[in-house]
Amino acid sequence: MDTNIQATFDNAKHIVFLTGAGVSTASGIPDFRSANGLYTQNRNAEYYLSHRYFASDPEGFYEFCKKNLYFPDAKPNIIHEKQAALTQQDRATVITQNIDNLYEEAGTKHLIDFHGNLYNVFCEKCGKTVPVEDYLKSRIHEEDGGPLRPDIVLYDEGIKQENIINSVQAMQGADLVVIVGTSMKVYPFAGLLEYRNKNAEVIAINRQKLSFGFDFTMVQEDATKFFAELTV
């Protein structure tokens with residue numbers, strides 16, 4: 001661990017972690033856009049995860065989600081744990097694109113699930129929340145016969161206004177922004193960088209080199225190695 005980077009973390013009072021699928025690969029959840037990712041292996045994946053498909057073929061949507069998105073045996077890794085520890089110190093907020101519930105399992109305190117959470121399931125008819133275990137058995141709500149769906153943002157759906165507002169506020173108040181396991185190419189998530197406090201330091205931790213139109217520190221390595229060495 002570079003001593004200057006460790007010092008940057010030590011001195012930061014308001015850290016924002018912007019995270020993506022690369023955070024969860026160490027937990028056994030495949031990256032959607034990697035060589036072996038869902039989007040690479042299945043050219044129609046984005047359509048299958050669209051509201052248009054959900055509305056036109058709810059059974060097909062349900063089967064696709066069950067087969068490709070749920071990894072109930074996955075556990076939080078060192079990245080989740082170290083970031084969660086910083087949130088528990090009230091020094092950090094995590095804004096994640098991930099929908100896999102691992103940040104919740106790690107005990108993350110200040111967390112914005114920008115694209116929702118697969119493990120929050122509700123009935124579209126009555127609005128009640130139901131256990132994910134029920135959903136994985138049937139897509140129909142036993143109480144009223146209404147359709148169940150996970151509370152995630154599908155393609156051709158908008159991001160929840162509350163998540164946008166909270167994310168922008170966190171970015172404006174940050175003195176350190178840390179990008180982890182994401183290429184920052186998917187909008188509107190990538191657009192959050194435009195709202196960063198211009199005095200905040202920015203560090204990117206990613207296996208692939210990233211490029212932005214502002215000064216930042218690039219740490220091109222496996223994020224699990226970085227966070228294993230980081231003292232919090």
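If you run side-chain hydrogen bond (donor to acceptor under 3.5 Å, both in side chains) between Ser24 and each of Asp100, Asn101, Thr96, only Asp100 comes through. Residue Tyr103 forms a side-chain hydrogen bond (donor to acceptor under 3.5 Å, both in side chains) with just one option from Lys109, Gln83, His80, and that option is Gln83. The only member of Phe54, Tyr47, Tyr48 that meets ring pair (Phe, Tyr, Trp, His ring centres under 6.0 Å) when paired with Phe61 is Phe54. Checked against Val177 for a side chain to side chain contact (heavy atoms under 4.5 Å, CB included), the options Ile95, Ile203, Leu18, Leu192 give a single hit: Leu18.
At distances below 3.5 Å, at least one donor-acceptor pair connects side-chain atoms of Thr182 with backbone N or O atoms of Met184. Here the side chain of Tyr62 pairs a donor or acceptor atom with the backbone of Ser138 at under 3.5 angstrom. At least one donor-acceptor pair closer than 3.5 Å links the side chain of Glu157 to the backbone N or O of Leu154. The backbone N or O of Asp175 sits nowhere less than 3.5 Å from a side-chain atom of Asn197 that would complete a donor-acceptor pair. Side-chain atoms of Asn11 come within 3.5 Å of backbone N or O of Ala7 as a donor-acceptor pair. A donor-acceptor pair under 3.5 Å is formed between the side chain of Gln88 and the backbone N or O of Gly107. In this structure a side-chain-to-backbone donor-acceptor pair under 3.5 Å is present from Lys82 to Leu230. In this structure, the side chain of Asn206 does not engage the main chain of Lys209 through any donor-acceptor pair within 3.5 Å. Under the 3.5 Å distance criterion, the side-chain polar atoms of Asp151 are left unmatched by any main-chain donor or acceptor of Gly116. Counting only distance, with no hydrogens or angles, the side chain of Arg196 and the backbone of Asn199 share no donor-acceptor pair below 3.5 Å.
Remark: Lys198 NZ to Gln172 CD distance equals 9.0 Å, nearest 0.5 Å. The distance from atom CG of Asn166 to atom CE of Met171, rounded to the nearest 0.5 Å, is 13.5 Å. Rounding to the nearest 0.5 Å gives a distance of 10.5 Å between OG1 of Thr93 and CD of Gln169. A distance of 7.0 Å separates CZ of Phe216 from CD1 of Ile179, quoted to the nearest 0.5 Å. A distance of 12.5 Å separates CG in Leu148 from NZ in Lys137, rounded to the nearest 0.5 Å.
The two residues Tyr135 and Pro150 come nearest to each other via the heavy atoms OH-CD, 3.4 Å. Between His51 and Asp156, the shortest heavy-atom contact is CB-OD1, 2.8 Å. Of all the heavy atoms in Ala84 and Ala106, the pair that sits closest is CB-O, 3.5 Å. Nearest heavy-atom pair, Leu102 versus Pro76, reported as atom, atom and distance to 0.1 Å: O-CG, 3.5 Å.
Enclosure of atom CD in Gln97 by more than 12 non-hydrogen atoms of other residues, nucleotides or ligands within 6.0 angstrom is indicated. Surrounding NZ of Lys66 are more than 12 heavy atoms belonging to other residues, nucleotides or ligands, all under 6.0 Å away. Other residues, nucleotides and ligands contribute at most 12 non-hydrogen atoms within 6.0 Å of the CD atom of Glu162. Enclosure of atom CZ in Phe212 by more than 12 non-hydrogen atoms of other residues, nucleotides or ligands within 6.0 angstrom is indicated. Residue Gln6 places its CD atom among more than 12 non-hydrogen atoms of other residues, nucleotides or ligands, all under 6.0 Å distant.
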Please report, to 0.1 Å, the donor-acceptor pairs under 3.5 Å made by any side chain of residues 118-127, with sequence neighbours excluded.
| residue | atom | partner | partner atom | Å |
| --- | --- | --- | --- | --- |
| Lys125 | NZ | Asp144 | O | 3.1 |

Walk me through whether Ile159 and Phe189 qualify under side chain to side chain contact (heavy atoms under 4.5 Å, CB included). CA-CA 9 Å; Ile159 304 295; Phe189 186 83; over 6 Å; no

Kindly indicate, with the supporting measurements, whether the criterion side chain to side chain contact (heavy atoms under 4.5 Å, CB included) is fulfilled by Val153 and Phe114. CA-CA 8 Å; Val153 179; Phe114 200 74; over 6 Å; no

Taking it one step at a time, do Leu176 and Thr8 satisfy side chain to side chain contact (heavy atoms under 4.5 Å, CB included)? CA-CA 8 Å; Leu176 173 61; Thr8 299; 3.8 Å; yes

Starting from the C-alpha separation in whole Å, work towards a yes-or-no answer on side chain to side chain contact (heavy atoms under 4.5 Å, CB included) for Val130 and His141. CA-CA 8 Å; Val130 302; His141 191 194; 3.6 Å; yes

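Applying the side-chain hydrogen bond (donor to acceptor under 3.5 Å, both in side chains) rule to Ser50 yields no partners; only residues at least two apart in sequence or on another chain are considered.
Tyr195 and Phe214 fall within the same hydrophobic cluster, defined by Ile, Leu, Val, Met, Phe, Trp and Tyr side-chain heavy atoms under 4.5 Å apart, directly or through other members. Criterion: ILVMFWY side-chain heavy atoms under 4.5 Å apart, direct or through other members. Under it, Val16 and Leu193 are part of a common hydrophobic cluster. By the criterion of side-chain heavy atoms lying less than 4.5 angstrom apart, applied directly or through intervening Ile, Leu, Val, Met, Phe, Trp or Tyr residues, Ile112 is not grouped with Ile99; the two fall into different hydrophobic clusters. Note on Val178: it clusters hydrophobically with Leu86, by side-chain heavy-atom contacts below 4.5 Å among ILVMFWY residues. Linking Ile, Leu, Val, Met, Phe, Trp and Tyr residues whenever their side-chain heavy atoms come within less than 4.5 Å leaves Phe227 and Val202 in two separate clusters.
Looking only at side-chain heavy atoms (C-beta outward), Val94 and Thr19 come within less than 4.5 Å of each other. Side chains of Phe71 and Pro30 form a contact here, defined as non-hydrogen atoms less than 4.5 Å apart. Looking at heavy atoms from C-beta onward, His14 lies out of side-chain contact with Arg91 at the 4.5 angstrom threshold. The shortest side-chain heavy-atom distance between Ser27 and Lys75 does not fall under the 4.5 Å cut-off. Contact annotation: the side chain of Ser183 never approaches that of Gln208 to less than 4.5 Å [non-hydrogen atoms, C-beta and beyond].
Using modelled atom types, one finds no donor on one side chain facing an acceptor on the other under 3.5 Å when comparing Asn98 with His115. Side-chain contact annotation: Asn117 with Glu104, donor-acceptor N/O pair under 3.5 Å present. No donor-acceptor contact under 3.5 angstrom links the side chains of Thr108 and Thr87, judged on distance only. Between Asn77 and Glu81, the side chains place no donor N or O within less than 3.5 Å of an acceptor N or O (distance only, hydrogens not considered).
Asp113 and Lys160 are not joined by a salt bridge, as no carboxylate oxygen comes within less than 4.0 angstrom of a charged side-chain nitrogen. Between Lys225 and Glu229, at least one side-chain N (NZ, or NE/NH1/NH2) sits under 4.0 Å from a carboxylate O, which counts as a salt bridge. Glu221 and Arg207 are not joined by a salt bridge, as no carboxylate oxygen comes within less than 4.0 angstrom of a charged side-chain nitrogen.
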